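Contents: one structure, followed by commentary.
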Amino acid sequence: MHTPLAGTQSGPATDPALDAWRQMNPKQQPSWAGTPEHARVLSELGTLPPLVFAGEVDVLKSRLAAAARGEAFLLQGGDCAETFSAATADRIQARVKTILQMAVVLTYGAQMPVIKMGRMAGQFAKPRSSDVETRGDVTLPAFRGDIVNGYDFTPESRAHNPQRMITAYNTSASTLNLIRAFTQGGFADLRSVHSWNQGFMANPAYHEYEQLAGEIDRAVHFMEACGADFEALKRAEFYAAHEALLLDYERALTRTDSRTGLPYDTSGHFLWIGERTRELDGAHVDFLSKVKNPIGVKLGPTTTGQDAIDLINKLDPEREPGRLTFITRMGAGKIREALPPIVQAVRDTGAQVVWVTDPMHGNTITSKNGYKTRRFEDVLDEVRGFFEVHRSLGTVPGGLHVEMTGDDVAECLGGSDPVVEEQFDSLYETVVDPRLNHAQSLELAFLVAEGLARR
Ligand code: TRP
Ligand code: MN
């Protein structure tokens, strides 16, 4: 995040079009609207400084335009749901570190710039299929993410509390502050990131990747031997992304860019619309159609080609390069049938979107001992299917979106140094979906890098 273009956003944007969503019966919203507390929090949010700057958002859009053309690759990674309590220096650092480690491997495999993006600094709101959760004979509101209510199963904790939006803002600000320090202040130096990967490779379980790791090592040493020591090696751009679910939070952080007079949602650089809230005439699509940020839409296996075209026309009518990313989450068993008609329909309109695979959400199962989990094999198979489909259609596989953490948790099964069900009782931490742990994330990067090299 180099910030020379940081336009100042003076106050909440006032264009009435930014409020049209209010009449559209937005799905998945908390039940706090209309309370005095809610109004007070929103007006406070409206006076707080932007978390990201319009100039950065524009740079990101140009990077994504390159990804759509096949000249860059997007890596999005982070928690299913961030939590306030896990926003500690150590854990944020571990996640940034893992994403950077993956990025080095992918940069080498793709021989292209990798756009590094965290599901971080704002990923606090979760859509739920049921409004309530029942345990035994107690029924309480479902957990909707730390920005709405608490995970503890008590009436106090599960009550929807608007004050949490302020905590979410503050937690996002301190998370972003650390990310900026880590990625601009020397920590992200390519050579140190590479040396961390050498540590990973020391585990014999990963001998399969020795050749690729060896090639990267030789490339780094070659640069060093030549005395190459340019600024670009020392820093990395890093962007923040989250699902724009809670519309009055997003609206309050939407500001007019003083350079251009245009509205930017300054809660994060990149915002996506979930599979559950992407209806064409729905509130989420309407709101995000009116801000200038690059936008993602999650597409599941029931999406038709026409759905995708309609979304393009609504969210990217000007066909602006880098504006729109489709994140497909089909499931390993479905991607080879479900993805081609969508990609084909979009290709035939001539529209350029970034195609990203989310190999996590279509592959969720329940383990024998009752945990929500995913098999590393299925994740990998969906990624393979994604590359196969794009190769056969002559389109561009533009990125990877994963739920991961930098910690050594046990939530997803398998990998070369396999996680097994027996570990869940002690090492399963996630409050929502299972994440790849540090080693599984890196292993996936090596496997994707091999796929990119063969593209
Ligand atoms: N600045 C370059 C980039 O972001 C090279 C680089 C520096 C890098 N540190 C990195 C690449 C860490 C990947 C990971 O691509
Ligand atoms: Mn999830």
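Predicted, not measured: the structure shown is a model, and the values here were computed from it. Computed over heavy atoms, backbone and side chain alike; hydrogens, waters and symmetry mates excluded. Both ligands and their constituent atoms are indexed starting at 1 by order of listing.
- The shortest contact between atom 15 (O) of ligand 1 and any protein heavy atom is with K116 NZ, 3.2 Å.
- Each of the following atoms of ligand 1 lies closer than 4.0 Å to a heavy atom of A236: 4 (O).
- When hydrogens are left out, the protein atom nearest atom 10 (C) of ligand 1 is A188 O, 3.4 Å; that is the closest non-hydrogen contact.
- At the top of the distance list for atom 6 (C) of ligand 1, counting protein heavy atoms only, stands A232 O, 3.7 Å.
- Using a 4.0 Å cut-off between heavy atoms, V114 makes no contact with ligand 1 at all.
- Using a 30° and 60° split on the angle between ring planes, F187 and W196 fall in the tilted class, from 30° to 60°.
- Remark: the H361 side chain and the E382 side chain contain no N/O donor-acceptor pair separated by less than 3.5 Å.
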N/O donor to acceptor pairs below 3.5 angstrom from side-chain atoms of residues 88-96, sequence neighbours left out:
unit_1: T88; atom_1: OG1; unit_2: R91; atom_2: N; d: 3.3
unit_1: R91; atom_1: NH2; unit_2: E429; atom_2: OE1; d: 3.0
unit_1: R95; atom_1: NH1; unit_2: D79; atom_2: OD2; d: 3.4

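- Evaluated for a side-chain hydrogen bond (donor to acceptor under 3.5 Å, both in side chains) with Q28, the options R276, R144, R128 yield exactly one hit, R144.
- For ligand 1, the polar-atom distance check finds no N/O of K234 at less than 3.5 Å from any of the ligand's N/O atoms.
- Judged by distance alone, the side chains of N177 and S174 never bring a donor and an acceptor atom under 3.5 Å apart.
- With sequence neighbours excluded, no residue forms a salt bridge (Lys or Arg N to Asp or Glu O under 4.0 Å) with D146.
- Looking at S367 and N369, their side chains do bring a donor and an acceptor atom within 3.5 Å of each other.
- Under 3.5 Å, the side chains of E250 and S267 contain a donor-acceptor pair of N or O atoms.
- Summary of contacts: the protein heavy atom closest to atom 8 (C) of ligand 1 is L190 CD1, 3.9 Å.
- Listed by number with element, the atoms of ligand 1 under 4.0 Å from a non-hydrogen atom of L233 are 7 (C), 9 (N).
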Would D381 and R336 count as a salt bridge (charged side-chain N to carboxylate O under 4.0 Å, His left out) if you check the C-alpha gap in whole Å, the side-chain angles of each, and the deciding distance to 0.1 Å?
CA-CA 10 Å; D381 189 39; R336 291 170 180 83; 3.0 Å; yes

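- The Mn ion (ligand 2) has C80 SG, H361 NE2, E403 OE2, D433 OD2 as protein N, O or S atoms under 2.8 Å away.
- Counting only residues at least two apart or in different chains, side chain to side chain donor-acceptor pair (under 3.5 Å) contacts with residues 96-115 comprise T98-H438, Q101-N197, Y108-E215.
- In terms of protein heavy-atom proximity, atom 14 (C) of ligand 1 is closest to V104 CG2, 3.3 Å.
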